[in-house]
Visitor: 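Take this structure first; my questions come after.
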Amino acid sequence: MPVANHDIAEIFSHYAALLEIDGANAFRVRAYQNAARLIDGYAASVADMVRDHEDLTELAGIGADLAGKIEEIVETGRLAPLEELERRMPSALVELTTLPGLGPKRVKALYDALEVRGLEDLERAARSGRIRGIRGFGQKTIDKLLQAIDARRDTHGRVLWLEAERAAEPLLKRLRGVGGVSAATVAGSFRRCKETVGDLDLLVACSRSAEVMERFVTYEEVEEVVARGTTRSTVRLRSGLQVDLRTVPAASYGAALLYFTGSKAHNIALRSLAAKRGWKLSEYGLFEGRKRLAGRTEPEVYRRLGLAYIEPELRENAGEVEAAQAGKLPTLVELKDLRGDLHCHTLATDGADTLECMAQAALERGYEYVAITDHTRHLRIANGLDSRALSRQMQAIDRLNGRLGKLTILKSAEVDILEDGSLDLPDGILRELDVVVGAIHDHFDLPPDRQTDRILRALDHRYFDVLAHPTGRLLGERDGYAIDIARVMRAAADRGCFLEVNSQSKRRDLADAYCRMARDARVKVAISTDAHSVTQLDSLRLGVAQARRGWLGRGDVINTRGLAGLRALLKRR
DNA sequence: GCCGTTTTCGGCCCGACTGTTTTCAGTCG
């Protein structure tokens, strides 16, 4: 198993954090951070590139030194300078910098003065009063640190995107009700549709900021007002979620939205671009001296910088700025492009609604088709169907089809991929299905080679169409099973199979970087909900967001095709 | 540590807020 891009990225990222605490040059630190992000999101395997003697310095931000360090990591799995640094600076210090209010400088000061190495050390030192003596630490700072440690115990930082949306909506509604507010929205990683959100960044365009701030800090869910200013405030909600609010005049709204949407790296890239022309870009606008060149809307700012408009989902400084300069941005898939859903369950197994209800709901959403993909017999816990039960469901589908206007219910199943890679139902019945979706539900801990071989054998099956939740990850709960994703992609491309982009909030599986990898490998995806109830059919937008983060366009997604076009792509013609 | 159509050295994004300050460093986004 070669060293994964993610592993290299983690090492660089960790090294950057330790260097920063050590007081290294900030731009040197940034160079490692940039490299980490580049490699983490890079489609091709960097380890393969090293093996093939490709010139890594061709990559933006990778020079001779970093190229050498990448080779070292690929070849040894380690980075000697990091290990050397770790002898002086305990690794656990990095975690301390993730506490709000504690940055690299203060962590270093605590370590130097009191040998504080981790959360427990910090708490002890704070409670004992020893921190008081250190320059720069007053009682208020210490109180906030203790609070932050408590909060850390309660939440584990990030929340799923869907939970963030639930927290944001009532708050936005409240702020929109204030007089003089012309716009209110959530920016930040939420707007970029990342899988999880660390905090909410609200942006309000208004003429009377004081009133907006007052409404904000008096919201009933606010547990604590962390900071309060005239244009910017921060609160912590009872749920533990931190919310930042920034107010701007309407003339700056676009520039502010751009700025607060980030990512930070994207902002830096844009500001550098502005600086090259002698301009200055801030949240107040794009300026030449005192003259405002743009700022009211985002498209205006991009246009003035000579860039095509960049969708929020792409703003990670992962090649989108260069693509926008060259006019080579992809046209991203949109929710309205989707013509149907290829993964959902009914009461027959572990769904909550009947076949009729699910079909009716699909019809109401204007779909041309919906695939009913109940589990198969191996998944006993979900009451998986055997051939006979599935046959009965197929007959029920036959009776329903034709009575539902333009909607066609596709006969399908989420077939278990068994430990040896064979499928859980005999060919006789698989042949009768319109589409075969396959998935792994057990033996998550096979060694990478065996797990990969297991999937490859399933893809080899003559009737296999779509690999559901391809890596099996559950955000915040477990990583995906260990597989060689590049091999899986190559195999899927060879065999005319497709990968699912699972829309469930907790799955978002494929990951964004893997969506992009699929595009490069010329593997098409199905954006599906895996809905276990009628309401979950609406999670399709999360799958779309995920695909957009992975640079996918309409053509990359099989269920943007009409029914005839879809059938033409599947193995049964 | 990276980078270069003014540069191979000297730059590298910009501003708000807090707390502990006698004028500003640290943190955050």
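Protein chains get the first letters and strands the later ones, always in sequence-line order, with residue 1 at the start of each.
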Visitor: Using the C1' atom on both, measure B/dG1 against B/dT8 and round to a whole Å.
Guide: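 It works out to 14 Å between them.
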Visitor: Taking atom P in both B/dC28 and B/dT23, compute the distance separating them and give it to the nearest angstrom.
Guide: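 Their P atoms lie roughly 25 Å apart.
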Visitor: Using the P atom in both, what is the distance from B/dC13 to B/dC17, to the nearest Å?
Guide: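 The answer is 22 Å between these two P atoms.
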Visitor: Under a criterion of less than 4.0 angstrom to any heavy atom of chain A, what are the 5'-terminal and 3'-terminal contacting nucleotides of DNA chain B?
Guide: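 Nucleotide range with atoms under 4.0 Å of chain A: B/dG1 to B/dG29.
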Visitor: Expressed as a whole number of Å, how far does the C1' atom of B/dT20 sit from that of B/dA25?
Guide: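 Per the computed distance, 10 Å lies between those C1' atoms.
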Visitor: Over all strands shown, is A/K276 touching base, sugar-phosphate only, or nothing at heavy-atom distances under 4.0 angstrom?
Guide: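 No contact.
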Visitor: If you look at every strand shown and take non-hydrogen atoms under 4.0 Å, does A/R106 touch a base, only sugar-phosphate, or nothing?
Guide: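 Counting heavy atoms under 4.0 Å across all strands, the contact made by A/R106 is with sugar-phosphate only.
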Visitor: Taking for each residue the nucleotide of DNA chain B with the nearest heavy atom, is it A/S282 or A/D201 whose nucleotide lies nearer the 5' end?
Guide: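 Closer to the 5' end of DNA chain B: A/S282.
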Visitor: Could you tell me whether A/E195 and A/R508 have a side-chain N and a carboxylate O separated by less than 4.0 Å?
Guide: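 No salt bridge links A/E195 with A/R508.
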Visitor: Considering Watson-Crick and G-U wobble pairs with both distances under 3.5 Å, what does B/dG11 pair with?
Guide: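 Pairing partner, where one exists within any strand: B/dC2.
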Visitor: Within the side chain of A/E10, is there an N or O that forms a donor-acceptor pair under 3.5 Å with the backbone of A/H6?
Guide: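 Not confirmed, A/E10 side chain does not pair with A/H6 backbone.
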Visitor: At under 4.0 Å between heavy atoms, what does A/R30 touch on the DNA or RNA strands: base, sugar-phosphate, or nothing?
Guide: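 Result for A/R30 = base.
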Visitor: Have a look at A/L281 and say if it touches a base, only the backbone sugar-phosphate, or nothing, with a 4.0 Å heavy-atom cut-off.
Guide: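 It contacts sugar-phosphate atoms only.
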Visitor: What is the nucleic acid contact for A/I268, judged by heavy atoms within less than 4.0 Å: base, sugar-phosphate only, or nothing?
Guide: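 The answer is base, as A/I268 lies within the cut-off (heavy atoms under 4.0 Å) of a base atom.
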Visitor: Tell me what A/D65 touches on the nucleic acid: a base, only sugar-phosphate, or nothing, going by heavy atoms under 4.0 Å.
Guide: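 Result for A/D65 = sugar-phosphate.
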Visitor: By the 4.0 Å heavy-atom rule, please label A/K264 as base, sugar-phosphate, or nothing.
Guide: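 Result for A/K264 = base.
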Visitor: Within the structure shown, what part of the strands sits under 4.0 Å from A/L99 by heavy-atom distance: base, sugar-phosphate, or nothing?
Guide: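 The answer is sugar-phosphate, as A/L99 gets under 4.0 Å only of primed atoms, P, OP1 or OP2.
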Visitor: Quick one: on DNA chain B, does A/Q139 or A/N25 contact a more 5' nucleotide (nearest heavy atom)?
Guide: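 So the residue in question is A/N25.
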Visitor: Distance between the C1' atoms of B/dT21 and B/dG26, in whole angstroms?
Guide: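 It works out to 12 Å between them.
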Visitor: I'd like to know if A/E220 and A/R174 make a salt bridge, using a cut-off of under 4.0 Å between side-chain N and carboxylate O.
Guide: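 Yes, this pair counts.
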Visitor: Do A/R246's NZ or CZ and the ring of A/F260 fall within the cation-pi criteria of under 6.0 Å and 45°?
Guide: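 Here A/R246 fails the 6.0 Å and 45° test against A/F260.
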Visitor: By the side-chain hydrogen bond (donor to acceptor under 3.5 Å, both in side chains) test, which pairs, at least two apart or in different chains, include something from residues 256-265 of chain A?
Guide: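 Residue pairs with at least one partner in residues 256-265 of chain A: A/R191-A/T261.
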Visitor: Classify the ring geometry between A/F190 and A/W161 as parallel (under 30°), tilted (30 to 60°) or perpendicular (over 60°).
Guide: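 If you compare the ring of A/F190 with that of A/W161, the planes turn out parallel.
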Visitor: Is the centre of the A/F287 ring less than 6.0 Å from the centre of the A/W279 ring?
Guide: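 That pair fails the under 6.0 Å test.
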Visitor: Among A/R519, A/R522, A/R516, whose salt bridge (Lys or Arg N to Asp or Glu O under 4.0 Å) with A/D556 holds?
Guide: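 Of the listed residues A/R519, A/R522, A/R516, the salt bridge (Lys or Arg N to Asp or Glu O under 4.0 Å) partner of A/D556 is A/R519.
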Visitor: Contact class for A/T230 (heavy atom, under 4.0 Å): base, sugar-phosphate, or nothing?
Guide: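 Sugar-phosphate, backbone atoms only, no base.
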Visitor: Assign A/T231 to base, sugar-phosphate, or nothing according to its heavy-atom contacts below 4.0 angstrom with the strands shown.
Guide: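 It contacts sugar-phosphate atoms only.
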Visitor: Using atom C1' of each nucleotide, how far apart are B/dC12 and B/dT7 to the nearest Å?
Guide: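 Here B/dC12 and B/dT7 have their C1' atoms 13 Å from each other.
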